[in-house]
Amino acid sequence: MRQPGRHFVQIPGPTNVPDAVLRATARPTMDHRSAEFGEFGKKILERIKTVFKCAGPVFIYPASGTGAWQAAMVNTLSPGDKVLMYETGQFSNLWKAMADSIGVVPELITGDWRTGVDLKVMEERLAKDKGHEIKAVCIVHNETATGCRSSVPGMRKVLDGLKHPALLMVDAVSALGSMDYRHDEWGVDVGVSGSQKGMMLPPGLSFTAVSAKALEAAKTAKLGKGFWSWDDQIPLNAQGFFPYTPAVNLLYGLDVALDLLDAEGLDNVFARHERHAEATRRAVRAWGLEIQCRKEEDYSSSVTTVRMPEGHSGDAFRRVVAEKFNMSLGSGLAQLADKVFRIGHIGDLNDLMLAGALSGVEMGLTVGGVPHKEGGVQAALDYLKVQNN
Ligand SMILES: *Cc1c(COP(=O)(O)O)cnc(C)c1O
């Protein structure tokens, strides 16, 4: 049956694409070797640095975020290199699996999927690495599976405190453009992101922001770089070109998405995401449901993962919401499958859209027979009202 009105995409990526961005991608495509494209390419490659807050290069791939994970590793590491990772959830584990598959040796510190990176445990492990065998520390800034954030500046401090030379690699796929990220100030060596989350674009672009130290490491790294080679990008990017056909129309969209982030101001964008996250958590608590992230200081601004009451299926609940209210909620991933649902509040979202999304959750809980208390939407509205006063 036709579902009238706009579909609510309340998953933590892909997110709502603003109409202005969609229209930009619909422009006729362009000769990617033309002088006109070179000028456009140069502009885009400069502008993208403003969201990463970096002076060094950001390489743009026609790929999803997974590609940028691979790019980060193959450009800087050699076969057999040890890397230290922390299990925040499904995304840390997928990155670890990729590391295994390309010939580096990851060590994943076990976590319980309910917090960000435990810096103490990382410090203890790195302190034991007297010979500096660990070549990189890789962490997920915002774990999209659990709604837990990790402290990137905290991780930097641990490395500096120990004078450990490992590269710091950060997955900021679901953080960039929605949560504070400061590539240079935080001393990140490779920052990884993608287009379809806080950047408000369709899926299909990914990014690596690269420090001088990572560029230096790239000179001696021996993994096969293939498609992902920064060496191939550098000379062409200098002229605004790419070593292969770039995703021209997505780059048009990126230009407009950067206009929108500029017009709102990044600090306002981050504050809006924090406000929406807090409103969402107030709703969840009023429903009497449990938030997956169990440390307040680790709460994500872009996604809230909600635990289902014992004996109730998250997937069945999400089906009810999709069929009755034309809204997609995020599923539980891997060990959280069916045990949780995720509310994405990331990207191009305003208070009324969030209120609509939370209304859909509250009605879905009733229609789906999930035990809960009334009043979640009201709790969120009460908070948003005061915030706007
Ligand atoms: C979405 C996401 C990715 C990348 O996923 P793709 O589907 O390849 O774009 C990586 N890490 C995190 C934390 C994510 O949220």
Side-chain angles (χ1 to χ4, degrees), residues 9-17 51-52 59-74 83 85-99 101-102 106 108 111 113-117 138-152 155 168-181 188 190-209 227-228 247 250 253-254 257 273 277 292-293 298-305 328-336 340-347:
V9 212
Q10 296 301 141
I11 57 175
T15 62
N16 295 293
V17 180
V51 273
F52 279 97
F59 300 107
I60 305 180
Y61 298 99
S64 82
T66 300
W69 272 344
Q70 186 168 354
M73 288 185 165
V74 296
V83 301
M85 308 178 96
Y86 188 94
E87 181 185 22
T88 45
Q90 174 68 351
F91 288 97
S92 64
N93 292 15
L94 287 173
W95 199 4
K96 187 253 179 196
M98 162 169 294
S101 80
I102 60 178
L108 182 74
W113 293 44
R114 300 199 71 172
T115 70
V117 171
C138 306
I139 60 170
V140 177
H141 185 192
N142 182 62
E143 176 54 74
T144 322
T146 65
C148 296
R149 91 166 77 194
S150 294
S151 171
V152 179
M155 193 64 243
L168 175 57
M169 300 195 193
V170 174
D171 171 342
V173 180
S174 61
L176 195 75
S178 65
M179 287 162 54
D180 195 12
Y181 179 84
V188 180
V190 190
V192 169
S193 198
S195 57
Q196 77 274 25
K197 299 185 179 171
M199 296 303 291
M200 308 180 287
L201 287 155
L205 288 181
S206 57
F207 314 102
T208 54
F227 175 82
W228 310 105
L250 287 175
L254 176 57
H273 282 83
Q292 174 70 13
C293 183
D298 290 0
Y299 283 154
S300 163
S301 303
S302 56
V303 55
T304 301
T305 300
S328 290
L329 293 168
S331 61
L333 300 175
Q335 68 178 46
L336 294 179
V340 301
F341 66 92
R342 294 176 298 150
I343 305 172
H345 29 78
I346 171 169

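Counting convention: from 1, in listed order, for ligands and their atoms alike.
Here the side chains of M179 and S300 are in contact, with some heavy-atom distance below 4.5 Å. Two residues are said to be in side-chain contact when any heavy atoms from C-beta on lie closer than 4.5 Å; F52 and S193 meet this criterion.
Heavy-atom contacts of T66 reach the following atoms of ligand 1: 4 (C), 5 (O), 6 (P), 8 (O) (cutoff under 4.0 Å). Taking a cut-off of under 4.0 Å to the non-hydrogen atoms of V173, the atoms of ligand 1 that pass are 1 (C), 2 (C), 3 (C), 10 (C), 11 (N), 12 (C), 14 (C). Ligand-side atoms of ligand 1 in range of Q196: 6 (P), 9 (O), range being under 4.0 angstrom from any heavy atom. For ligand 1 and T144, the ligand atoms under 4.0 Å from any heavy atom of the residue are 12 (C), 13 (C), 14 (C), 15 (O).
For the pair W95 and ligand 1, no heavy-atom separation below 4.0 Å is found.
Between N142 and ligand 1, a contact under 3.5 Å exists for no N or O pair. For ligand 1, one of its N or O atoms has an N or O atom of G65 under 3.5 Å away.
Ring geometry for H141 against Y181 counts as tilted: the plane angle lies between 30° and 60°, on a 0 to 90° scale. Ring geometry, Y61 versus W228: the interplanar angle exceeds 60°, so the pair is classed perpendicular (tilted spans 30 to 60°).
Closest of all the heavy-atom pairs between T144 and S174 is OG1-OG, 2.7 Å.
No donor-acceptor contact under 3.5 angstrom links the side chains of Q292 and T305, judged on distance only.
Across the listed options H141, E143, K197, K197 owns the non-hydrogen atom lying nearest to atom 1 (C) of ligand 1.
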